[in-house]
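Ligands are counted one by one from 1 in listed order, and the atoms in each one are counted from 1 as well.
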Amino acid sequence: MSRKPSQNTALDANASRPGRLRLVATPIGNLEDITVRALRILRESHIVAAEDTRVTGKLLRHFDIDTRLISHHAHSGQEDIIQLITLLTQGNDVALVSDAGTPCISDPGSQLVRAAIDCGIIVEPIPGACAAIAAISASGLPTGQFTFEGFLPRSSDLKERLKALATERRTMIIYESPHRLADTLIDLAEAFGATRQATVAREVTKLHESFVRGTLAECAEHYKAEPPRGECVIIVEGGTGDAPERPDEVAVETLLLDAMRAGKSTKEAAREVANKTGLGRRELYAIALKLQPDGDSEEG
Ligand code: SAM
């Protein structure tokens with residue numbers, strides 16, 4: 001591997017032309033996924049602007065690169081952006097990297113990119129790993145058209161978002177943290193119907209990479225029973241374009257009664273019918289309690 005003779009500095013910059021902003025993708029777990037071009041750009045740039053200089057410092061040391069590192073993260077304000085734009089206009093080539101994957105994809109960078117474009121600076125992508133694309137490619141779900149949702153909103157905005165997505169026909173890509181994965185799968189099953197197909201891609205490109213494929217209800221059950229570790233992407237099959245129909249009351253009561261007659265407790269019956277219908281477990285538990293002749297109660 002050829003090494004540049006010395007670290008590039010602002011003094012080396014070619015002031016007769018503005019620098020270029022390069023958006024350099026880095027591995028999402030497997031260091032072999034860095035591209036030959038990414039290594040060259042990181043080595044030849046005057047500055048690497050990193051989401052976390054400690055994380056990127058390790059990566060650069062691994063590849064024996066000693067380019068000057070500065071910080072550019074989600075909380076960087078206008079002043080930081082102006083500083084980077086000034087460095088670019090002075091002729092410094094800047095490589096922007098995030099902790100992992102492609103910058104600007106659920107990661108910092110898009111404001112800097114906008115500012116650079118507005119200032120006439122050339123912005124170049126240096127493509128490579130991206131968890132969303134890696135996950136959908138191996139999901140087994142349709143890839144012809146898809147929508148990237150990033151992280152779903154929390155709390156009150158979540159219901160609104162899921163309601164809007166319930167009529168989405170394209171395959172959906174959702175980023176999620178491991179400790180929220182099972183609950184989010186349950187929310188998705190309630191919003192889209194329990195039988196919608198999904199894939200959960202976990203620890204992609206890492207030692208414990210796994211793909212769990214099944215209905216939303218099956219994936220939710222799997223991760224409720226076995227809370228995951230590591231990073232995950234949820235891929236959900238698109239719908240028919242219609243909001244899922246709510247099963248009628250009699251059908252729901254029949255399903256609950258059948259489950260209880262088969263020896264299931266009210267809680268178990270509620271869970272089973274929730275998996276079949278996508279209705280909320282609490283709501284079904286309340287109905288099951290009313291159907292129970294002796295009013296058995298066992299909330300949990
Ligand atoms: N910019 C990154 C990219 O290109 O994929 C995404 C950054 S976002 C802050 C981090 C999220 O990406 C994680 O919460 C997880 O949903 C997903 N992710 C990142 N690496 C992953 C991996 N190796 N396996 C599965 N999901 C991953």
Side-chain angles (χ1 to χ4, degrees), residues 21-35 37-38 41-42 48-56 58-59 62 71-76 95-114 123-141 143 146-154 158 161-162 165 171-188 198-213 216 219-220 222-223 226-236:
L21 175 62
R22 267 76 172 243
L23 315 173
V24 182
T26 56
I28 55 169
N30 187 329
L31 285 180
E32 289 182 11
D33 291 334
I34 191 92
T35 68
R37 187 172 175 220
I41 297 289
L42 290 170
V48 173
E51 183 181 8
D52 184 331
T53 52
R54 285 163 306 178
V55 172
T56 302
K58 267 193 207 162
L59 180 82
H62 180 86
S71 163
H72 182 74
H73 47 74
H75 306 292
S76 294
L96 178 73
V97 297
S98 61
D99 287 353
T102 303
C104 308
I105 305 300
S106 290
D107 263 342
S110 35
Q111 277 179 295
L112 176 63
V113 168
R114 185 68 256 171
V123 179
E124 293 175 341
I126 313 296
C130 176
I133 299 301
I136 192 175
S137 69
S139 68
L141 295 171
T143 54
F146 58 84
T147 155
F148 175 65
E149 291 300 314
F151 291 96
L152 291 172
R154 296 282 159 94
L158 178 64
R161 189 76 209 116
L162 292 183
L165 286 177
T171 303
M172 288 160 264
I173 307 176
I174 297 164
Y175 283 165
E176 191 48 284
S177 68
H179 67 275
R180 285 182 42 89
L181 177 66
D183 286 342
T184 298
L185 288 165
I186 291 168
D187 289 338
L188 290 168
T199 296
V200 176
R202 209 176 52 80
E203 295 286 81
V204 177
T205 76
K206 301 186 194 176
L207 185 62
H208 298 292
E209 173 179 282
S210 75
F211 287 85
V212 168
R213 303 179 178 88
L216 279 169
C219 292
H222 177 91
Y223 285 112
E226 214 178 278
R229 283 189 183 186
E231 301 189 278
C232 341
V233 182
I234 308 172
I235 312 289
V236 190

**Study point:** Residues that T171 engages under side chain to side chain contact (heavy atoms under 4.5 Å, CB included), provided they are two or more places apart
**Key:** I136, L141, P142, F146, I235

Check your understanding: Side chains of V97 and L42: closer than 4.5 Å at any heavy-atom pair?
Key -> yes

Practice item. Could you find the nearest protein heavy atom to atom 15 (C) of ligand 1 and give me its residue, atom name and distance? Key: C232 O, 3.3 Å

Check your understanding: In chain order, what residues pass the ring pair (Phe, Tyr, Trp, His ring centres under 6.0 Å) check against F148, with sequence neighbours excluded?
Key -> Y175

Exercise for review: Give the numbers and elements of all ligand 1 atoms closer than 4.0 Å to a heavy atom of G101.
Suggested key: 3 (C), 4 (O)

Review point. What's the spacing between R229 CZ and H179 NE2 if we round to 0.5 Å?
Key: 14.5 Å

Check your understanding: Taking C-beta and beyond as the side chain, do V204 and V233 meet within less than 4.5 Å on heavy atoms?
Key -> no

**Study point:** ligand 1 to T102 polar contact by distance, N or O atoms, under 3.5 Å
**Key:** yes

Review point. What do you reckon, does T205 put a non-hydrogen atom under 4.0 Å from ligand 1?
Key: no

Check your understanding: Mind checking whether H75 and P108 have side chains closer than 4.5 Å, heavy atoms only?
Key -> no

Point to revise | Ligand-side contact atoms (ligand 1) for residue partner I105, heavy atom cut-off under 4.0 Å | key: 1 (N), 2 (C), 6 (C), 7 (C)

Practice item. Please could you name the atoms of ligand 1 that E176 approaches to less than 4.0 Å, counting only its heavy atoms? Key: 14 (O), 16 (O)

Exercise for review: Would you mind listing which atoms of ligand 1 come within a distance below 4.0 Å of any non-hydrogen atom of K206?
Suggested key: 23 (N)

Review point. Identify the closest protein heavy atom to atom 13 (C) of ligand 1: which residue and atom is it, and at what distance?
Key: E231 OE2, 3.5 Å

Practice item. Ignoring angles and geometry beyond distance, decide whether A131 reaches within less than 3.5 Å of ligand 1 through its nitrogen or oxygen atoms. Key: yes

Exercise for review: For atom 9 (C) of ligand 1, grab the closest protein heavy atom and report residue, atom and distance to one decimal in Å.
Suggested key: S106 O, 3.1 Å

Review point. Given side chains that start at C-beta, do those of L162 and L152 come closer than 4.5 Å, heavy atoms only?
Key: yes

Point to revise | CG-OG1 distance between D107 and T102, expressed to the nearest 0.5 angstrom | key: 8.5 Å

Study note, to complete from the structure: among protein heavy atoms, the one nearest atom 2 (C) of ligand 1 is A100 O, 3.4 Å

Review point. For atom 7 (C) of ligand 1, what's the nearest protein heavy atom and its distance?
Key: D107 OD2, 3.3 Å

Practice item. Would you check whether A132 has a nitrogen or oxygen atom less than 3.5 angstrom from a nitrogen or oxygen atom of ligand 1? Key: no

Practice item. May I ask you to check whether S177 has an N/O atom sitting below 3.5 Å from an N/O atom of ligand 1? Key: no

Check your understanding: Considering only protein heavy atoms, which is closest to atom 10 (C) of ligand 1, and at what distance to one decimal place?
Key -> F151 CZ, 4.0 Å

**Study point:** Protein heavy-atom partner closest to atom 26 (N) of ligand 1 - residue, atom, separation in Å
**Key:** V233 CG2, 3.3 Å

Review point. Atom 24 (N) of ligand 1: which protein heavy atom is closest, and how many Å away?
Key: V204 N, 2.9 Å

Check your understanding: Hey, which of L59, T53, D52 is the one that makes side-chain contact (heavy atoms from CB on, under 4.5 Å) with V55?
Key -> D52

Check your understanding: E226 side chain to H222 main-chain N or O, any donor-acceptor pair under 3.5 Å?
Key -> no

Check your understanding: If only atom types and distance count, is the side chain of E203 paired as donor or acceptor with the main-chain N or O of H208 below 3.5 Å?
Key -> no

